[in-house]
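Some notes on the structure that comes next.
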Protein chains: 2
Amino acid sequence: MTKSNKYKQIFEDLSEKIQDGTYKTNSILPSENELTLIYSTSRETIRKALTLLAQKGLIQKLRGKGSLVLDVSRMDFPISGLVSFKELQTSMGRDDIETTVHEFGLINADKHLGSIFDVSDDTEIWNVVRSRRIQGERIILDKSYFLKSEVPLLTKEICENSIYEYLESKLGLPIDFAKKEIIVEECKEEDRRYLDLDEYDHVVVVRNYVHLKNAALFEYTESRHRLDKFRFVDFARRKH
Amino acid sequence: MTKSNKYKQIFEDLSEKIQDGTYKTNSILPSENELTLIYSTSRETIRKALTLLAQKGLIQKLRGKGSLVLDVSRMDFPISGLVSFKELQTSMGRDDIETTVHEFGLINADKHLGSIFDVSDDTEIWNVVRSRRIQGERIILDKSYFLKSEVPLLTKEICENSIYEYLESKLGLPIDFAKKEIIVEECKEEDRRYLDLDEYDHVVVVRNYVHLKNAALFEYTESRHRLDKFRFVDFARRKH
DNA sequence: AAGTGGTCTAGACCACAAA
DNA sequence: TTGTGGTCTAGACCACTTC
């Protein structure tokens, strides 16, 4: 195990055993008391692991009964949360996605970007415009902006692969939370230029605001999708 | 306080104090140890309450520093999770929304509904079709289905107001989690009949699958929105 | 009555941030 | 060094389900 936290180790172990069928769909996991013996730990630690499993949608806790293993195969990719394009790609088993970088470089914030990032004008910002070709058609246009102060170095090569892998693994940026907004807009000139729009005159626009652990916005990405190929899945648990 | 759980009471109390400005944006909450004294409870209970606040996006926990109060005014209504139309209405300060019930009654599940609910054909299901008129225009078409076994009684009057208020407050249904799917579809005949579509030939379709605490699907709703009025906001926190 | 998960306690040690 | 949040423990009592 690589993780240091005991409850995360237990979470990952149970997660694997559910995915590989050791614990089968619609069966009940060993009780919390049994799990304390299996993993030689306290019950609260077991409960932390089970809470994670429930939040991830792998189990359903039933008071008085036990923890029910849910149908994993039915779950679509959970975009809710932060997901890079590369993750999406692999989780959907697609290898036929091509990324083309159309614009890449440093720009100075204008009024619009300045107000989004809450920084003064002429703050340096990375500007990346990419299109995604899926099964031969250019379907998605991604316009990304990163604060240079948080991302000192970026290259075109990195943008052609997964920027997030670079940001998180290499740079170790403490990404914490994101706000997504989904609306539909009329096609603009840039959509017609970079996408195969066919007859469609609207695009689905996903605006993504990504914050670091210090609560500062460090990335803003606008993802423009052709109508017919857009799909968003959200798995949400009832609060309180 | 009405809630029985201590950590929920504390969560609600802190939540109010943040929203009414007792604890100001960008300030630090009293430390966990101080809160144990304020609320006369153990630290783990305080931490449960703070975890809820963090999940709701009201605070940001910073190791070694404290719990930072986030800017509440910036947050849009968090749809992520379960939101009834009525909730949306009030949270956005709109009183000019009219609901019209077009279809209401019991039907027997066909193949399609049967597979969605995972019940045998001819299981009894409530069928409710409603349109939402906002500022004079019919913008949203809601097609809802409820398992009769879980919702014994439903009336047209209830459907004209908030079904969810009825289900949760009156019936006390233990609603637990929901899966949302958002896609774009071409307009169908029912869209043209019940909505003011103007020139639009597509609608945004939100499919909502709502489960009870026993993990059974009890509601399926298809919400069909006119393109130009659709908006979805999601506030997501990084997992582990 | 027995077993399950839900809540709560009073401690302990650790990792991190700031002075 | 001090104070913060993060993790972990061993026990307790409660609410619910099943028998």
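Here the structure is a predicted model, which is why all the values come from computation and not from measurement. Every chain is numbered from 1 and lettered A, B, ... according to where its sequence line falls, protein lines coming before strand lines.
Counting to the nearest Å, the P atom of C/dG5 and the CD1 atom of A/Ile28 are 8 Å from each other. Straight-line distance from the CD atom of A/Gln60 to the C1' atom of C/dG5: 13 Å, rounded to whole Å. Atom pair A/Leu62:CG and C/dT4:P shows a separation of 14 Å (rounding to whole Å applied). B/Phe11 has its CZ atom 19 Å from the C1' atom of C/dC8, to the nearest Å.
Nearest to the side chain of A/Asn5, among D/dT7, C/dT4, C/dT9, sits D/dT7. The side chain of B/Ser67 lies closest to D/dG5 when the candidates are D/dC8, C/dC8, D/dG5. Among D/dG6, D/dC8, C/dT7, the nucleotide with an atom closest to any side-chain atom of B/Lys61 is D/dG6.
Side-chain N/O atoms of B/Lys48 include none lying less than 4.0 angstrom from OP1 or OP2 on C/dC8. Distances shown here put every side-chain N or O of A/Thr45 at or beyond 4.0 Å from the OP1 or OP2 atom of D/dT7. Within the structure, every side-chain polar atom (N or O) of A/Tyr7 is placed at least 4.0 Å from both OP1 and OP2 of D/dC8.
Qualifying side-chain contact (heavy atoms from CB on, under 4.5 Å) partners for A/Arg63, counting only residues two or more places apart in sequence or in other chains: none. Every residue two or more places apart in sequence or in another chain that forms a ring-ring contact (aromatic ring centres under 6.0 Å, His included) with A/Tyr220 is listed here: A/Tyr209. Taking A/Phe104 as the reference, A/Trp126 meet the ring-ring contact (aromatic ring centres under 6.0 Å, His included) condition, with sequence neighbours excluded. Residues passing the side-chain contact (heavy atoms from CB on, under 4.5 Å) test with A/Asp121, sequence neighbours excluded: A/Lys111. B/Arg130 meets the salt bridge (Lys or Arg N to Asp or Glu O under 4.0 Å) test with no other residue; sequence neighbours excluded. Under the rule for a salt bridge (Lys or Arg N to Asp or Glu O under 4.0 Å), the partners of B/Glu124 that lie at least two apart in sequence or sit in another chain are B/Lys148. When the side-chain contact (heavy atoms from CB on, under 4.5 Å) test is applied to B/Thr41, the partners found at least two apart in sequence or on another chain are B/Lys6, B/Ile10, B/Tyr39, B/Thr45, B/Ile46. Scored by the side chain to side chain donor-acceptor pair (under 3.5 Å) test, A/Ser27 finds no partners at all (sequence neighbours excluded). Shown here are the side-chain contact (heavy atoms from CB on, under 4.5 Å) partners of B/Ile28, two or more places apart in sequence or in another chain: B/Leu68.
Side-chain contact of B/Asp20 with B/Thr22: a donor-acceptor pair under 3.5 Å is present, judged by distance alone.
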One pair to check against side chain to side chain donor-acceptor pair (under 3.5 Å): B/Arg43 and B/Thr36. What are the steps and the verdict? CA-CA 6 Å; B/Arg43 194 172 148 229; B/Thr36 62; over 6 Å; no
Please produce a list of atom pairs where a protein N or O lies less than 3.5 Å from an N or O of nucleotides 10-13 of chain C.
unit_1: C/dA12; atom_1: N6; unit_2: B/Arg43; atom_2: NH1; d: 3.4

For nucleotides 17-19 of chain C, list the nitrogen or oxygen atoms of the protein found under 3.5 Å from its nitrogen or oxygen atoms, one pair per line.
unit_1: C/dA18; atom_1: OP1; unit_2: B/Lys65; atom_2: NZ; d: 3.4

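For the helix from C/dA1-D/dT18 to C/dA18-D/dT1, the angle separating the two terminal helix axes comes to 10°, with each axis derived from five pairs and the value rounded to 10°.
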